[in-house]
Amino acid sequence: MHYDASSCNGCDIEVLACLTPVYDVERFGVINTGDPKQADIFLVTGAVNDQNKEVVKQLYDQMPEPKVVVAVGICACSGGIFKDCYNILGGVDQVIPVDVYVPGCAARPEAIIDGVVKGLDVLEQKRLRLQQEKEGSK
Amino acid sequence: MGKRTIVPFGPQHPALPEPVHLDLELEDETVVRAIPSIGYVHRGLEKLAEKRDYNDMIYVMERVCGICSFGHGWGYAGAVEGLMGVRIPDRAECLRVMFHELSRVHSHLLWLGLLADGLGFDSLFMHCWRIREKVLDVFEAITGGRVIMSFCKVGGVRKDLTPEMLKMVKDTCDMIEDEMRKTALVFMKDSSVRNRLCGTGVLTKEDVIDLCAVGPVARGSGVNNDVRTTSEMYRSLGFEPILYDEGDCWSRCMVRVDEIMQSLDIIRNAIANLPEGDVSVPVKGNAPVGDFMFRVEQPRGEAFYYVQGNGTKNLSRARVRTPTNINIPAMTKMLQGCNLQDVSMLVITIDPCISCTER
């Protein structure tokens, strides 16, 4: 799933470009869903501000465990060029835990795909940990 | 009369890559009123003009929006050049026109793709975006960036193009024209596209004038407010405003299809008639006390730039008035009386760029 916090559109369009014929992540079984309840990986572009921090938090809370957050673009990592702006709180990690950071302005589609693949490893580890905890509690 | 219900639309919505929120007041399935609320992408970057000097500020201004990034750079640079009393070389101006039109081609292709996606016509979406990637390849080969290029600077453009680069641009234009001829037919003739687009979201000429709509939204209703009409450089390159009179979604779509074709011609003319000379002049010293306004026709419509100098290296104000901001009243007007299933498509037809709107 993808949500634009306060990005300039550059990274959002690159996230969408990953779906199109030149990059075509769907052949690897990756799809962009609009529904947080069906999502495993949460791509966030752009920094957080006062208006959208609740939205980001809510979307994150609606996703089922295990889940992975990928911060796409330098704004989502640290605030980037907008760090000094009065309405920017900083990177996405100010609000929700971030697992993978993808730098770049704008992040290239190759970098985004790489970030998602790294996210898949993290997802697998989290899934195993959840399973072990479940077996341990039996 | 049915009972009224309120359906929230956004900020996170599958049809929109960007966050905007609408409260839709429905009577059965018909929208009675749409109340937009914005602010999800507000960063406050105009304020940064006080902290960065006017030469560095262009990097911030380019990031007003990642789609029409070049146009924002041009608008800001043009305003500062006006304030400083600098005249840029003709070659730089011509290269700016060329890059701006390339941006328009990729922005309109992106929009056509999003529209197809809004219609549920996924393969058409893929085709439009496949064609668009060719423009991004040109950007990357010339400037090193696919989206944010930093090609424009205060005083001209950052580098000159070699004859090989110009040839590549021209070849790409020819290739895109070939592809577009086939793709445009789908938008013109395909019955499933026409059924959804023709006659929906009609804006009359009077509505457009009352609500001050700009860009393809206005031109789709027969109102010519294209800023390029006033530019001598554009006129010499064979620019004519493209107007359609029906005012529905289909005519807004056709304005953009035709503008792609025209932009390709303008780019080829610009390459053929590129003046010789330098591509930039140095701009140094403090910005004088005073202000200046500059207008650029962005892919989404007229954008307006204002800068105010205070005798130091920093500007005391840099302001952008962006086309989406102006088109939001037109959008709410279109939404009145439409069917709920058309909402996402109608929102898309104004080509909303929320990060421009909120900055």
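Side chains included, hydrogens not; waters and symmetry mates left out as well; all remaining heavy atoms used. Naming convention: chains lettered A, B, ... in sequence-line order (proteins, then strands); numbering from 1 in each chain.
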### Task
State the CD-CG distance between A:E14 and B:L136, to the nearest 0.5 angstrom.
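A:E14 CD to B:L136 CG: 6.5 Å, rounded to 0.5 Å.
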
## Note on the structure
The reported gap from CD1 in A:I88 to CG in B:L45 (rounded to nearest 0.5 angstrom) is 9.0 Å

### Message
Can you list everything that forms a side-chain hydrogen bond (donor to acceptor under 3.5 Å, both in side chains) with B:R319? Sequence neighbours excluded, please.
### Response
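With sequence neighbours excluded, B:R319 shows a side-chain hydrogen bond (donor to acceptor under 3.5 Å, both in side chains) to no residue whatsoever.
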
#### Entry: side-chain hydrogen bond (donor to acceptor under 3.5 Å, both in side chains) partners of B:H100, counting only residues at least two apart
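B:H100 satisfies side-chain hydrogen bond (donor to acceptor under 3.5 Å, both in side chains) with no other residue.
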
### Query
Who in residues 119-132 of chain A is close to chain B, using a strict under-4.5 Å heavy-atom cut-off?
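Under the 4.5 Å heavy-atom cut-off, nothing qualifies.
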
### Message
So for atom NZ, which belongs to B:K313, do other residues, nucleotides or ligands contribute more than 12 heavy atoms lying within a distance under 6.0 Å?
### Response
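Counting other residues, nucleotides and ligands, NZ of B:K313 exceeds 12 neighbours.
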
What side-chain donor-acceptor pairs closer than 3.5 Å can you find for residues 119-127 of chain B, not counting sequence neighbours?
from	atom 1	to	atom 2	distance (Å)
B:H127	ND1	B:R130	NH2	2.9

#### Entry: Heavy-atom check, side chain of B:H106 versus side chain of A:I13, under 4.5 Å
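A side-chain contact is absent here, since even the closest heavy-atom pair is not under 4.5 Å.
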
### Side chain proximity check, B:R63 to A:C75, heavy atoms < 4.5 angstrom
no

